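Values below: all heavy atoms of this structure, side chains included; hydrogens, waters and symmetry mates excluded. Computed from a predicted structure; not experimentally measured.
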Amino acid sequence: MQYPPLFVWSVWMTTIVILSVNNALPSGLMGMIDIFALSGLHFVQKSGDGALSKVNWHPNVILANHDGQPITDGHGRNFEVDSDFASIKHCDAVLVPGFIPNGQGHPPQTTTDKLTCSWLATQYKKGALMCGSCSGVFALGEAGLLNSRKCTTTWWLHDELKQRFPKANAVWASELIDDNGIITAGGPLSWVTIALHVVKKLAGIETAKVVADFSVVDAIPKSQNLYVPEGYQASNNPFLAKAEYTIRKAHYQTMSAGDLAKIMAVSERTLNRKLKELTGETPKAFIDGVRISHACTLLATTNMSVKEIALSLGYTDDSVFRRLFKKKMKMTPSNYQQQRRNN
């Protein structure tokens, strides 16, 4: 629906803008609207003291771009928007859905224009949350909003993100990162994760949980490591391949950053620098990540107990292993094993 140019959006309501530009993923554009529509319904829910209360949050959701003109979505269809930027006098959050990838799996070389980049930067300075899902993160990079920020994107776009925006602190395969209001997530359907996170930030945890339950989605985002093909990251870099092989073959042995550096024939400082550059992780986080990945394989393909798997991976205390596994995979080892065997 196209609003008249003189229309001014109310500033006293929570206003959420969904950036609408060419090649956008249409499910992201409309799906975000649906999530926020659900959050504004009068759901009956239990509060902390057991009493019944109603969610009464009605965000003003606007599909917008720099000129308010229809766009061509990633499937070549015309898509109407609600407003141009000039008509929006205030917003609390801006969400950028992903883009339909090209034949190489990459987003468009340029996702936005200078006017859009300037507007995004201005809204962030005014206090709006800036959110990018999947390749929508690249639009935030073009606006200079990722500089010196921790961010993430879909696992297969990690290297492309680092190449285009070397000043960004890109983290490999993280489910969601909120760095001081710059919110990024990976996966073509990560617009669900982003939208729920915005609901939580602007309307509260209880509202976000009710929306997640009603939508039959997980309020806690799952790790991308559940879906990344084993060895994908290491296959793209010899140093990572050697480091991963070194960790995997160290059965029943504890391994510190110093141990890995010695076997790799580099200093701890060099190890830390290279792993930070390649993965965004510390040596300890990388070691734990490889071992948790190996644990996933063992849980899915063997009858070993969780304690046996922990010991085989060098964790003398299986409670430490369980805690690390749950932190990375967002579920317990036993739940992961059951899920994989039921698939």
Side-chain angles (χ1 to χ4, degrees), residues 14-21 23-40 57 59-64 73-74 91-101 107 111-112 116 120 123-124 127-143 145-146 149-158 161 168 170-171 173-205 207-224 226-227 330:
T14 298
T15 299
I16 298 170
V17 174
I18 300 172
L19 186 66
S20 307
V21 294
N23 297 308
L25 192 70
S27 63
L29 290 170
M30 294 307 301
M32 287 176 178
I33 292 177
D34 290 340
I35 290 288
F36 292 123
L38 292 175
S39 70
W57 184 60
N60 192 17
V61 183
I62 309 167
L63 290 166
D73 70 23
C91 69
D92 298 281
V94 179
L95 286 74
V96 187
F99 299 89
I100 295 293
T111 64
T112 57
T116 300
L120 291 173
Q123 298 311 306
Y124 180 66
L129 301 174
M130 286 289 138
C131 315
S133 66
C134 191
S135 53
V137 175
F138 287 66
L140 303 186
E142 291 172 5
L145 297 175
L146 301 183
R149 299 282 186 190
K150 287 183 67 176
C151 59
T152 192
T153 188
T154 311
W155 56 268
W156 75 80
L157 294 175
H158 176 76
L161 183 70
V171 178
S174 180
E175 55 274 15
L176 181 141
I177 292 177
D178 184 341
D179 188 338
N180 197 31
I182 302 295
I183 303 165
T184 54
L189 298 182
S190 61
W191 53 263
V192 177
T193 302
I194 288 283
L196 287 175
H197 188 75
V198 170
V199 173
K200 182 174 72 173
K201 296 276 284 190
L202 299 181
I205 294 174
T207 300
K209 186 179 185 307
V210 172
V211 174
D213 290 345
F214 192 82
S215 306
V216 198
V217 295
D218 198 340
I220 301 175
K222 291 183 178 179
S223 170
Q224 289 191 58
L226 284 165
Y227 313 103
K330 307 303 180 187

Excluding sequence neighbours, so at least two apart, what forms side-chain contact (heavy atoms from CB on, under 4.5 Å) with [X]?
{"X": "A170", "value": "C151, H158, L161, K162"}
{"X": "L25", "value": "S27, I100"}
{"X": "S20", "value": "L29, L63, I71, V81"}

- Any chance you could lay out the side chain to side chain contact (heavy atoms under 4.5 Å, CB included) test for I182 and L146, step after step, and finish with the verdict? CA-CA 8 Å; I182 302 295; L146 301 183; 3.9 Å; yes
Salt bridge (charged side-chain N to carboxylate O under 4.0 Å, His left out) partners of [range], not counting sequence neighbours, each pair once:
{"range": "residues 181-197", "value": "none"}
{"range": "residues 133-142", "value": "none"}
{"range": "residues 27-36", "value": "none"}

- Message: Given 3.5 Å as the limit, does a donor-acceptor pair link the side chain of T153 with the main chain of G186, or not?
- Response: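 Flag not set: sc T153 to bb G186 has no pair under 3.5 Å.
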- Message: Under a 3.5 Å distance rule, please check whether D179 uses its side chain to pair with a backbone N or O of R149 as donor and acceptor.
- Response: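 Not confirmed, D179 side chain does not pair with R149 backbone.
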Rounded to the nearest 0.5 Å, what's the gap from [atom1] on [X] to [atom2] on [Y]? Could you check?
{"X": "T152", "Y": "L176", "atom1": "OG1", "atom2": "CG", "value": "8.5 Å"}
{"X": "I35", "Y": "T193", "atom1": "CD1", "atom2": "OG1", "value": "9.5 Å"}
{"X": "N180", "Y": "I183", "atom1": "CG", "atom2": "CD1", "value": "10.0 Å"}

Looking only at heavy atoms, what is the nearest atom pair of [X] and [Y], with distance?
{"X": "D73", "Y": "A24", "value": "CB-O, 3.6 Å"}
{"X": "A185", "Y": "S190", "value": "O-OG, 3.6 Å"}
{"X": "A139", "Y": "V96", "value": "CB-CG1, 3.9 Å"}
{"X": "T154", "Y": "C134", "value": "OG1-SG, 3.0 Å"}
{"X": "M32", "Y": "S133", "value": "CE-OG, 4.1 Å"}
{"X": "F36", "Y": "P59", "value": "O-CG, 4.0 Å"}

- Message: Applying the side chain to side chain contact (heavy atoms under 4.5 Å, CB included) criterion to L140, which one of T184, T112, V94 satisfies it?
- Response: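 Looking at T184, T112, V94, the match for L140 under the side chain to side chain contact (heavy atoms under 4.5 Å, CB included) is T184.
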Side-chain donor-acceptor pairs under 3.5 Å in residues 195-205, sequence neighbours left out?
residue : atom : partner : partner atom : Å
H197    : NE2  : D178    : OD2          : 3.0
K201    : NZ   : D178    : OD2          : 3.2

- Query: Sequence neighbours excluded, which residues qualify as ring pair (Phe, Tyr, Trp, His ring centres under 6.0 Å) partners of F99?
  - Reply: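 F99: no ring pair (Phe, Tyr, Trp, His ring centres under 6.0 Å) contacts found.
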